[in-house]
Asker: 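Please read through the structure below; I'll follow up with questions.
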Amino acid sequence: MFMLFKSPIMSSNIEVCKNKFTLVDSQIVKDDDIDMFSFFHECSEESDKSFHAVIGYIEEIIMDTTFVEILTSFMEKYWKHFDSDEENKLIYSDIFYSYQETIEKYIEKKLMEKIDNFSMKNFEEELIERRTELDGEIFEILATFSDFLEFKEMFLDYKRMKEGSSIDFSEDLLVKKCAPDTVQ
Amino acid sequence: MGFLTVLKKMKQKEKEMRILMLGLDNAGKTTILKRFNGEKIDTISPTLGFNIKTLEHRGYTLNIWDVGGQKSIRSYWRNYFECTDGLIWVVDSADRHRLEDCRVELHQLLQEERLSGATLLVFANKLDLPGALSAEELRDV
């Protein structure tokens, strides 16, 4: 018989997907054992599938208008705290944590609606296991949610937009007291 | 810590580090940061919030976080511990009156679990001032 190191069952390690098992005494592998190979292979494909399904759902969730609305209402609530000074106020950090929490909670809630028994904890473990595979636009977008400087810039953009959209007449109007003899 | 933080950690480049710079007020944290970054240092006022600078050095990207050191805002320091790779503790070597204060604050930080993986550098600043303690004397404190 043969032995497998690093028990690949249900593991989602990329090495396993490629079927790179370490075999000891592989000469006496029988036909039955070949079936075991394909069984392991299916398992890892299965976990691959479910991981990619979650990523696909996350993509859908953040592209959805409801998500944009949530971000907008968040910015609407806090934009007045921000200004373009180089030094950051301590409150930015509190707002930043609450921002990440809002996004995480929302995505988690939506995933739980879409997937039975969805567990964020398992998903986090998957992310750690697949750290070398996390390339692509979706991961870039998700990473910006936890980048403080991107977050500040987003608020400053929003602030500029808010302040630009309400026209300020105060500098165009001149209020002057007229001397009595000029009013006739 | 949510999944976004997990993801960020996984995506962090190998040669990228987060450095947290702390110390009592008036130690010179912001001045050090700006000087490193090649900026003017003649108009620096006490930091009430925090500054962030990204520096490239020997192929490493350093994200340096400098948080104000006034007593009233030291309780906010803990908001910045997460994901810190290195801690720079800045000491005003000429401020003998507050050395004890300085020691106590640093020891409190060293108890922090979230900083336990970070490397510590004690930066003895203002050594050129008259009456400043030498680096050796500071070490003994």
Asker: So which part of A:F96 gets closer than 4.5 Å to some heavy atom of chain B, the side chain, the backbone, both or neither?
Answerer: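 Contact with chain B is absent: no heavy atom of A:F96 under 4.5 Å.
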Asker: Check whether any side-chain heavy atom of B:E105 sits under 4.5 Å from a side-chain heavy atom of B:W89, and report yes or no.
Answerer: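 Sidechains of B:W89 and B:E105: in contact.
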Asker: Strictly below 4.0 Å, N to O, side chains only: are B:E82 and B:R18 in salt-bridge contact?
Answerer: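 No, no charged N to carboxylate O under 4.0 Å.
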Asker: Heavy-atom distance under 4.5 Å to chain B: side chain of A:D85, backbone, both or neither?
Answerer: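 Contact with chain B is absent: no heavy atom of A:D85 under 4.5 Å.
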Asker: Can you tell which part of B:W65 gets under 4.5 Å to a heavy atom of chain A, answering side chain, backbone, both or neither?
Answerer: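 It is the side chain, since no backbone atom gets that close.
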Asker: Between A:I103 and chain B, which part of the residue has a heavy atom less than 4.5 Å away: side chain, backbone, both or neither?
Answerer: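 Side chain of A:I103 only, per the 4.5 Å heavy-atom cut-off to chain B.
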Asker: Can you tell which part of B:Y76 gets under 4.5 Å to a heavy atom of chain A, answering side chain, backbone, both or neither?
Answerer: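 For B:Y76, the side chain is the part near chain A, not the backbone.
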Asker: Please determine whether the number of non-hydrogen atoms from other residues, nucleotides or ligands lying under 6.0 Å from atom NE2 of B:H97 exceeds 12.
Answerer: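 Open: at most 12 neighbouring heavy atoms sit under 6.0 Å from NE2 of B:H97.
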Asker: Should the ring pair A:F118 and A:F123 be called parallel, tilted or perpendicular, given that the plane angle runs from 0 to 90° and is split at 30 and 60?
Answerer: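 Aromatic pair A:F118/A:F123 classed tilted.
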Asker: Can a cation-pi geometry be assigned to A:K159 and A:F82, taking NZ or CZ under 6.0 Å from the six-membered ring centre and within 45° of the ring axis?
Answerer: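 Judged by the rule (NZ or CZ under 6.0 Å from the ring centre, within 45° of its axis), A:K159 is not positioned above A:F82.
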Asker: What residue, out of A:T144, A:D94, A:I107, has the most heavy-atom pairs lying under 4.5 Å from chain B?
Answerer: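 Most pairs with chain B among the choices: A:I107.
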